[in-house]
Amino acid sequence: MKLPKFISNNIVLKITSLNAVVITIRLVISGFIQWLLATTVGAAGIANIGQIRNVIQMLTSTSTLGTFNGVVKYVAELKKDQPELSKLFSTVTIFIGIGSFISATVLFFGASFFQITFLVLKTMSIFSDFWLLSFLL
């Protein structure tokens, strides 16, 4: 790919211009997918998809027990110290396993409670299958 001289000499401009291309492509694809969803499932379907995304994001952050920010920090600090880095990864793996197990157990055994609670709140469309979400973790 041929870039103008002032962009290819400056690394920040090079990264920014290439990132702008990627963002533009993602924006166009996202707009097409939203249009496709709007024509197929309608406004209620798009709202349900948004709720499903929020539930999955909530379950992901709950099951990882908030370790991602710490991992980024300590990997940057310990990138030269391999034994400590190995300890960090094994500890985080154990935390994620425990968090996923707890989240899956709560969802599996609490599925009927969540279904009844959210049916009363009239958002039954996505919360009726909490037991299925427990296996996605």
Side-chain angles (χ1 to χ4, degrees):
M1 184 162 96
K2 200 137 169 105
L3 293 172
K5 194 101 169 143
F6 70 94
I7 292 177
S8 61
N9 290 339
N10 189 337
I11 192 72
V12 174
L13 289 176
K14 185 188 269 187
I15 292 171
T16 305
S17 63
L18 293 176
N19 192 28
V21 171
V22 170
I23 289 173
T24 304
I25 291 171
R26 286 180 67 190
L27 183 64
V28 169
I29 291 172
S30 176
F32 173 73
I33 290 173
Q34 287 296 325
W35 171 80
L36 186 66
L37 285 172
T39 57
T40 9
V41 295
I46 291 176
N48 286 340
I49 290 171
Q51 288 177 342
I52 290 172
R53 283 183 184 168
N54 290 340
V55 167
I56 289 175
Q57 189 175 28
M58 178 186 65
L59 291 175
T60 302
S61 64
T62 303
S63 64
T64 59
L65 299 174
T67 57
F68 284 138
N69 292 335
V71 168
V72 171
K73 175 186 172 195
Y74 287 117
V75 165
E77 288 179 5
L78 302 172
K79 62 184 170 186
K80 305 250 190 242
D81 191 5
Q82 290 298 324
E84 287 297 317
L85 199 59
S86 178
K87 288 179 189 175
L88 172 71
F89 286 139
S90 63
T91 304
V92 168
T93 302
I94 290 171
F95 274 146
I96 289 174
I98 291 170
S100 296
F101 178 75
I102 291 171
S103 296
T105 304
V106 167
L107 286 174
F108 185 77
F109 291 112
S112 60
F113 169 75
F114 294 133
Q115 184 176 8
I116 291 169
T117 302
F118 289 111
L119 278 173
V120 170
L121 296 175
K122 302 208 185 320
T123 58
M124 65 180 179
S125 57
I126 65 161
F127 294 107
S128 60
D129 295 324
F130 268 105
W131 65 272
L132 181 62
L133 284 175
S134 68
F135 292 109
L136 296 176
L137 299 175

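Both backbone and side-chain heavy atoms feed into the values below; hydrogens, waters and symmetry mates do not. Only a predicted model underlies this, so the values are computations on that prediction, with no experimental measurement involved. FYI, the numbering just counts along the sequence from 1.
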Return the [atom1] to [atom2] distance between [X] and [Y], rounded to the nearest 0.5 Å.
X: Leu85; Y: Phe89; atom1: CG; atom2: CZ; result: 4.5 Å
X: Leu107; Y: Ile102; atom1: CG; atom2: CD1; result: 12.0 Å
X: Lys87; Y: Asp81; atom1: NZ; atom2: CG; result: 8.5 Å
X: Thr39; Y: Leu37; atom1: OG1; atom2: CG; result: 7.5 Å
X: Leu88; Y: Gln82; atom1: CG; atom2: CD; result: 11.5 Å
X: Thr91; Y: Ile96; atom1: OG1; atom2: CD1; result: 11.0 Å

Note to self: Please say yes or no: joined through hydrophobic side-chain contacts below 4.5 Å, possibly via intermediate residues, are Val41 and Ile33 part of one cluster?
What the structure shows: yes

Check: When hydrophobic residues are tied together by side-chain contacts of less than 4.5 Å, even through go-betweens, does Val22 share a cluster with Phe32?
Finding: no

Notebook entry, point to check: Can you tell me if Thr40 uses its side chain to pair, donor with acceptor, with the backbone of Leu36 under 3.5 Å?
Noted result: yes

Item checked: Donor-acceptor contact present, side-chain Ser103 to main-chain Ser100, <3.5 Å -> no

